[in-house]
Amino acid sequence: MTAPSSDFLRILTERGFIHQCSDMQGLDALAAKGGVVAYVGYDCTAPSLHVGHLLSIMMLHWMQATGAGKPITLMGGGTTRVGDPSGRDETRKILSIDDINANKDALKGVFAKLLTFGEGKTDAIMPDNAEWLTRLNYIEMLRDIGRHFSVNRMMTMDSVRMRLEREQELSFIEFNYMILQSYDFVELARRYGTNLQMGGSDQWGNIVTGVDLGRRMGTHQLYALTCPLLTTSSGAKMGKTAAGAVWLNADMLSNYDYWQFWRNTEDGDVARFLKLFTLLPMAEIDRLAALQGAEINEAKKVLATEATALVRGRDVAEAAAATAKKTFEQGALGDDLPVVTVPAAELASGIGVLSLFVRAGLVASNGEARRQVQGGGLKLNDETVTDAQAVVTEKALRDGVAKLSFGRKKHVLVKAG
RNA sequence: GGGGGAAUGUCCCGAGCGGCAAAGGGGGCGGACUGUAAAUCCGCUGGCUACGCCUUCGCAGGUUCGAGUCCUGCUUCCCCCA
């Protein structure tokens, strides 16, 4: 199609957010007059969202920022009780209602960093699909909603077909997820005039099924828009670090580690990530992306600080950047490094190096510490630990702290307490 | 209902004559090289009070000096027949 006329779709297009859209022209016209009401659903399967979810939140952000319309972050208090089979080869573990509610509360905070909530026309709102899904009556649902679904067609959807082809179990409860998600779309259309659902490309099937259901049930025209799934240029699935997923919540992943995640971006991903995960103007991004060789590290630092500022706050991002600078470029101690305190008395009588590294949380067991010593992976005050029998006392403290390092990137400070 | 097969190191896949802390991958971690990148090469990838001890092969028993390996029962999954 020709270039979009709305700022919303123009920005999404040039920044690489768009994977598929059910009707670009139609959506563009709607966005141009500020008439979009878009939602993204978030299931409450964990106590924090991770970077994979960030793309869709960014799309909502841009929509609000460009005045294209109203964002809705739908909490999946109801759908989480069922479990989405999309992109999974195994049935999800069924979560307890208590866990779901606890997760839901923990997720909410992050949205406010990127969206403005309130009562106004383009202010974001956060409903929960438990409000209507838990009230559904089975027979009524079959008559009103179920009759619009063709099982023949459902069997051809990727999420279902993959399980069948691989002869992997697909339980009836999961088979119903698609129906509930489709119904959400219709319900949101009726309640809030929602007309667009966005999500990752793995959600395409569920979303267009909702568009279809809307037509059959007589809503206004609905639209579908998906973003690509996040992978690194070397093909690895993204969003995982040593410690696990890259969580957006600070209590799940420290600010310093979050910053480091972005700092360690592969060269080939820098430009793409700057467009997706920062709000920097395109001209600035083009300048940074043009850097070659070692200079690209400058771009990575900008990416790390901007991306961290967006989710964790500007001051926190700069603190992480400062700590990284001290730690890596000056070999000094950053203020932001994790600190572990050890009772002074214990330190006075001496602690084995191995158990000290375990205490610091850098390694899981004495055995692992021992192996890492053999591999030269542990450092105390920047000196490689060579003797697994060594004992550490308060003499190891420099200005009250000792620095333990695991590999070149993981550091912990030890203090007497 | 009848018959046949499967479950292995709590990340995954997967070998395993009765002597096994258990082959080989993948993934992950560490080292070298670099730019806190990628690629490549090397090492590690049950626990401990550590030349020894303890716990691991779906669950529970049994045979044996000794069981992941053999026998019995149970659980779960898959295939074929009805």
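Naming: A, B, ... by sequence-line order, numbering from 1 per chain.
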Check your understanding: Rounding to a whole Å, what distance do you find between Asp257(A):CG and rU36(B):P?
Key -> 18 Å
Point to revise | Contact under 4.0 Å: Lys409(A) side-chain N or O vs rA37(B) OP1/OP2 | key: yes
Revision key, fill the gap. Paired to rA6(B) by Watson-Crick or G-U wobble criteria (both distances under 3.5 Å) is rU76(B)
Report, one line per pair, each donor and acceptor closer than 3.5 Å where one atom sits in a side chain of residues 59-74 of chain A; sequence neighbours left out.
{"residue": "His61(A)", "atom": "ND1", "partner": "Leu114(A)", "partner atom": "O", "Å": "2.7"}
{"residue": "Gln64(A)", "atom": "OE1", "partner": "Thr116(A)", "partner atom": "N", "Å": "2.9"}
{"residue": "Gln64(A)", "atom": "NE2", "partner": "Thr116(A)", "partner atom": "O", "Å": "2.9"}
{"residue": "Gln64(A)", "atom": "NE2", "partner": "Thr122(A)", "partner atom": "O", "Å": "2.7"}
{"residue": "Thr66(A)", "atom": "OG1", "partner": "Trp62(A)", "partner atom": "O", "Å": "2.7"}
{"residue": "Thr66(A)", "atom": "OG1", "partner": "Met63(A)", "partner atom": "O", "Å": "3.2"}
{"residue": "Lys70(A)", "atom": "NZ", "partner": "Gly120(A)", "partner atom": "O", "Å": "3.2"}
{"residue": "Lys70(A)", "atom": "NZ", "partner": "Asp123(A)", "partner atom": "O", "Å": "2.9"}

Review point. So which pairs with a foot in residues 291-304 of chain A pass salt bridge (charged side-chain N to carboxylate O under 4.0 Å, His left out), sequence neighbours left out?
Key: Asp267(A)-Lys300(A), Glu298(A)-Lys301(A), Lys301(A)-Glu329(A)
Practice item. Output yes when a side-chain donor or acceptor of Ser56(A) lies under 3.5 Å from a complementary backbone atom of His53(A), and no otherwise. Key: yes
Revision key, fill the gap. Regarding the side chain of Arg371(A), the nearest nucleotide among rU36(B), rA37(B), rG46(B) is rG46(B)
Review point. Between rA37(B), rA50(B), rC29(B), which nucleotide has the shortest distance from any of its atoms to the side chain of Phe406(A)?
Key: rC29(B)
Review point. Side chain of Lys410(A): nearest nucleotide among rA50(B), rU36(B), rC29(B)?
Key: rC29(B)
**Study point:** Arg370(A) CZ - rC48(B) P separation (whole Å)
**Key:** 8 Å
Study note, to complete from the structure: side chain to side chain contact (heavy atoms under 4.5 Å, CB included) filter on Ala390(A), not counting sequence neighbours, yields Val353(A), Asp387(A)
Check your understanding: Pairs in or reaching into residues 358-371 of chain A: which pass salt bridge (charged side-chain N to carboxylate O under 4.0 Å, His left out), with residues at least two apart or in two chains?
Key -> Glu346(A)-Arg359(A)
**Study point:** Heavy-atom pair of closest approach, residues Thr323(A) and Tyr256(A)
**Key:** CG2-CE1, 3.6 Å
Review point. Which way is the base of rC20(B) turned, syn or anti, if we draw the line at 90° from 0?
Key: syn
Review point. For RNA chain B, which residues in residues 356-368 of chain A have a heavy atom at a distance below 4.0 Å?
Key: Ser365(A), Asn366(A), Gly367(A)
Check your understanding: How long is the line joining CD of Gln374(A) and C1' of rC44(B), in whole Å?
Key -> 9 Å
Protein and nucleotides 53-55 of chain B: nitrogen or oxygen contacts under 3.5 angstrom:
none

Exercise for review: Can you sort out the partners of Lys108(A) under salt bridge (charged side-chain N to carboxylate O under 4.0 Å, His left out), two or more places apart, ordered by chain and number?
Suggested key: Asp105(A)
**Study point:** Sequence neighbours excluded - salt bridge (charged side-chain N to carboxylate O under 4.0 Å, His left out) pairs with any residue from residues 203-216 of chain A
**Key:** Asp212(A)-Arg215(A), Asp212(A)-Arg216(A)
Exercise for review: Name every residue in residues 282-297 of chain A that has at least one heavy atom under 4.0 Å from any atom of RNA chain B, in order of residue number, or write none if there are no such residues.
Suggested key: Gly293(A), Ala294(A), Ile296(A), Asn297(A)
Practice item. Would you please name every residue forming a salt bridge (charged side-chain N to carboxylate O under 4.0 Å, His left out) with Glu14(A), sequence neighbours left out? Key: Arg10(A)
Check your understanding: Relative to the 5' end of RNA chain B, which residue comes earlier, Leu378(A) or Lys300(A), by the nucleotide with the nearest heavy atom?
Key -> Leu378(A)
Practice item. Tell me which of Leu354(A) and Thr265(A) sits closer to the 5' end of RNA chain B, going by the nucleotide each one is nearest to. Key: Thr265(A)
Practice item. Could you pull out all residues at least two apart from Phe8(A) that satisfy ring-ring contact (aromatic ring centres under 6.0 Å, His included)? Key: none
Review point. Does rG52(B) have a Watson-Crick or wobble mate here (both distances under 3.5 Å), and if so which one?
Key: rC48(B)
Point to revise | Flag, side chain of Asn129(A) to backbone of Asp184(A), donor-acceptor distance under 3.5 Å | key: no
Practice item. For Asp267(A) and rA37(B), give me the distance from atom CG to atom C1', rounded to whole Å. Key: 5 Å
Check your understanding: Taking CH2 from Trp259(A) and C1' from rA37(B), how many angstroms apart are they, rounded to a whole number?
Key -> 13 Å
Point to revise | Residue matched to rA15(B) through Watson-Crick or wobble contacts both under 3.5 angstrom | key: none
Check your understanding: Where does rC51(B) fall, syn or anti, if syn means a chi angle no more than 90° from 0?
Key -> syn
Point to revise | Where Pro4(A) and Leu9(A) come nearest, the two heavy atoms and their spacing | key: CB-CB, 3.7 Å
Review point. Rounding to a whole Å, what distance do you find between Phe261(A):CZ and rU36(B):P?
Key: 18 Å
Point to revise | Lys379(A) NZ to rG30(B) P, straight-line distance once rounded to whole Å | key: 12 Å
Revision key, fill the gap. Residues 304-313 of chain A vs salt bridge (charged side-chain N to carboxylate O under 4.0 Å, His left out), sequence neighbours excluded, gives Glu306(A)-Arg314(A)
